[in-house]
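Working notes, beginning with the structure itself.
Every heavy atom of this structure was used, including side-chain atoms; hydrogens, water molecules and symmetry mates were not.
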Amino acid sequence: MRDEIEQQALENIKQHGWHLIIVPDDEEGPGFVYSVGMLHTLSHPEIIMFGLDTDLMADVIDGMGEQTRKGRRFAEPGLFDDFLKGYPCKTMPVAKRWHAEYMRYAMWHHKHTGQATAFQAVQCLWPDKQGRFPDDPQCSHDVVASQPLLDK
């Protein structure tokens with residue numbers, strides 16, 4: 001029997017191409033949002049983002065999904081300046097060891113669809129006010145604390 005979230009995810013994926021899981025911040029860490037279904041419907045890695053308002057992160061991932069639908073790719077590391085007003089975003093691959101901790105529903109969907117390709121995901125990062133990303137040693141401590149790096 002499917003739970004309510006799984007059923008809603010399947011309906012959204014069928015209708016829109018993906019579903020978003022929104023996890024609010026709590027005592028364990030920053031809030032985050034990730035996609036479920038992009039790998040299946042768009043042949044594009046799932047996308048995860050941390051540390052901003054969850055509605056804003058959902059808008060960014062939806063925008064990336066819409067751009068992917070039009071042929072743009074975010075699978076390779078790169079800078080993209082059209083998702084956060086005044087700031088670029090940076091993508092990097094998510095290491096396999098983080099999939100189960102942060103992207104359980106995306107992994108469930110991947111298994112549910114029986115895809116032959118390995119599960120893949122990318123993290124969308126945002127910079128501090130000086131334009132430094134969390135993988136830069138000079139990046140603001142608050143920005144680093146808001147975005148756990150999932151590339152290793």
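Looking only at distances, a side-chain donor or acceptor of E46 sits under 3.5 Å from a matching main-chain atom of G37. No side-chain donor-acceptor contact under 3.5 Å links N12 to the backbone of Q15. With hydrogens and angles ignored, the 3.5 Å screen pairs a side-chain donor or acceptor of T91 with a backbone N or O of E76. A distance-only check finds a donor-acceptor pair linking the side chain of Y34 to the backbone of Y105 [under 3.5 Å].
Residues F32 and M92 do not share a hydrophobic cluster, clusters being chains of Ile/Leu/Val/Met/Phe/Trp/Tyr side chains in contact below 4.5 Å.
In this structure, R72 places its CZ atom where more than 12 heavy-atom neighbours from other residues, nucleotides or ligands lie under 6.0 Å away.
Atom-to-atom distance recorded for M107:CE and K111:NZ is 9.0 Å, nearest 0.5 angstrom. Here the OG1 atom belonging to T68 is positioned 11.0 Å from the CG atom belonging to D62, to the nearest 0.5 angstrom. Rounded to the nearest 0.5 angstrom, H40 NE2 and T113 OG1 are separated by 5.5 Å.
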Counting only pairs under 3.5 Å, give me each side-chain donor-acceptor contact of residues 131-139, with atom names and distances, residues two or more places apart or in other chains.
| from | atom 1 | to | atom 2 | distance (Å) |
| --- | --- | --- | --- | --- |
| R132 | NE | D128 | OD2 | 3.2 |
| R132 | NE | Q138 | O | 3.1 |
| R132 | NH2 | D128 | OD2 | 3.4 |
| R132 | NH2 | Q130 | OE1 | 3.2 |
| R132 | NH2 | Q138 | O | 3.3 |
| D135 | OD1 | K90 | NZ | 3.1 |
| D135 | OD2 | K90 | NZ | 2.5 |
| D136 | OD1 | Q138 | N | 2.7 |

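Relative ring orientation between H112 and W108 is described as parallel, the plane-to-plane angle staying below 30° on a 0-90° scale split at 30° and 60°.
Between E11 and K14 no salt bridge is recorded (no basic side-chain N to carboxylate O distance below 4.0 Å).
No side-chain heavy atom of L10 sits less than 4.5 Å from a side-chain heavy atom of H19.
A pairwise comparison of heavy atoms in A118 and H110 identifies C-NE2, 3.8 Å as the closest pair.
Members clustered with F80: W18, L20, I22, V33, M38, L42, I47, M49, L52, L56, M57, V60, I61, M64, F74, F83, L84, Y87, V122, W126, V143, by chain and number, using a 4.5 Å side-chain heavy-atom cutoff among hydrophobic residues.
Applying the side chain to side chain contact (heavy atoms under 4.5 Å, CB included) test to P148 and every residue at least two apart in sequence or in another chain returns P30, F50, Y102, L150.
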